[in-house]
Amino acid sequence: MPTSSASTTDSARSSSNGGVQSLERAFDLLERMADAGGEVGLSELSASSGLPLPTIHRLMRTLVACGYVRQQPNRRYALGPRLIRLGESASRLLGTWARPYLARLVEETGETANMALLDGDEIVYVAQVPSKHSMRMFTEVGRRVLPHSTGVGKALLAGFPPEEVRALLARTGMPAATEKTITTADGFLAALEDVRRQGYAIDDNEQEIGVRCLAVPVPDSPTAAAISISGPAGRVTEAATEKIVPVLQQVADDLSRALASQTPA
């Protein structure tokens, strides 16, 4: 790893919260790169972070040496492959931390509980606790689906600007999983407006006939995450929805606080 007197001094400098300032800055730059789509130039990072170019260059040079950033032929910087392993491990841990909260959902609603993340343009399920009913829903952990036909997908994308949602749908397409799947961008954006108004999302036989799903986002999650319950349409009725949604929202809030405090149950 390259070092210099300047970078050594920067690394030794403490931040106001007792941490190491250069580490805080490096992680901030990585997050800004992710927000920008994964590839940026130094001038863009300087403009968004307020840091001087020499400081950013030192930090990026170190991140490149460690494999967390790579320099492209066009001189721009992109997130590096070593981050993939960290992300995969963190996703597994997030699912592990969520399981006690999903178990609460099962106890209080009687239905299968899931946690899912937005990974690129896809939804990936990272945790599940099954219902105790003999007739119950199963979603394999690690399964990837397109967001337009799922409750968790709607819950996650409801927080995105419409133009970003349209761009995602253009990339993925909107194939019909059932005859009730929403297959137009305008229809999906209207459904997201309902999610914002109601505070929860519904998959009403859109991914699988006979199955209804209710989902809410996990507020302030370190990565876009949602939790849901799914069950037979005959049990997850309109009347049941009125009782289940407040439970979902409370569990999502509790999980959010646990993740923020870094002391999950």
Side-chain angles (χ1 to χ4, degrees), residues 30-39 78-79 81 83-99 101-102 105 112-128 139-175 177 181-183 185 187-196 198-203 206-208 213-230 248-249 251-253 255-256 258-260 264:
L30 289 173
E31 292 191 1
R32 291 178 187 276
M33 292 178 70
D35 291 341
E39 181 178 319
L79 295 176
L83 291 170
I84 296 173
R85 183 168 61 90
L86 297 182
E88 290 174 345
S89 296
S91 293
R92 287 194 296 271
L93 281 174
L94 190 60
T96 299
W97 293 333
R99 282 188 61 83
Y101 297 89
L102 299 184
L105 274 178
T112 296
N114 310 282
M115 183 179 192
L117 310 179
L118 183 63
D119 184 20
D121 290 343
E122 297 178 318
I123 297 298
V124 57
Y125 289 91
V126 296
Q128 181 181 88
T139 298
E140 183 181 357
V141 172
R143 181 188 180 199
R144 291 175 175 271
V145 296
L146 297 180
H148 72 281
S149 61
T150 64
V152 285
K154 292 176 187 173
L156 289 168
L157 291 182
F160 282 58
E163 60 273 15
E164 291 187 21
V165 176
R166 285 187 184 275
L168 182 151
L169 296 175
R171 291 191 298 269
T172 64
M174 301 183 70
T181 305
I182 300 171
T183 56
F188 189 71
L189 288 171
L192 296 189
E193 186 59 40
D194 290 339
V195 174
R196 288 187 286 270
Q198 296 171 160
Y200 65 95
I202 303 176
D203 158 13
E206 296 163 52
Q207 179 68 29
E208 184 179 347
C213 172
L214 306 173
V216 298
V218 178
D220 304 315
S221 174
T223 188
I227 58 173
S228 68
I229 65 91
S230 55
L248 263 173
Q249 292 169 332
V251 171
D253 287 342
L255 176 56
S256 174
L259 294 174

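All of these numbers come straight from a predicted model, not from anything done at the bench.
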Please check if the side chain of R99 supplies one atom and the backbone of Q128 the other of a donor-acceptor pair under 3.5 Å. yes

Does S228 reach the main-chain N or O of V152 with its side chain, forming a donor-acceptor pair under 3.5 Å? no

Can you name the residues that form a salt bridge (Lys or Arg N to Asp or Glu O under 4.0 Å) with E193, not counting sequence neighbours? R196

What residues form a salt bridge (Lys or Arg N to Asp or Glu O under 4.0 Å) with D253, not counting sequence neighbours? none

CG/D220: more than 12 non-hydrogen atoms of other groups inside 6.0 Å: no

To check you understand the geometry: which heavy-atom pair defines the closest contact between [X] and [Y], and what is its length?
{"X": "A252", "Y": "V216", "answer": "CB-CG2, 3.8 Å"}
{"X": "L157", "Y": "P147", "answer": "CD1-CB, 3.8 Å"}
{"X": "L102", "Y": "N114", "answer": "CD2-O, 3.6 Å"}
{"X": "A155", "Y": "A226", "answer": "CB-CB, 4.2 Å"}
{"X": "L118", "Y": "L156", "answer": "N-CD1, 3.8 Å"}
{"X": "I123", "Y": "A116", "answer": "CG2-CB, 3.6 Å"}

Sequence neighbours left out, what pairs pass side chain to side chain donor-acceptor pair (under 3.5 Å) with at least one residue falling in residues 145-154? S149-Q207, K154-E206

Separation of L169 CG from L146 CG (nearest 0.5 Å): 9.5 Å

Interatomic spacing from CG in L117 to OG in S221 - rounded to 0.5 Å: 7.0 Å

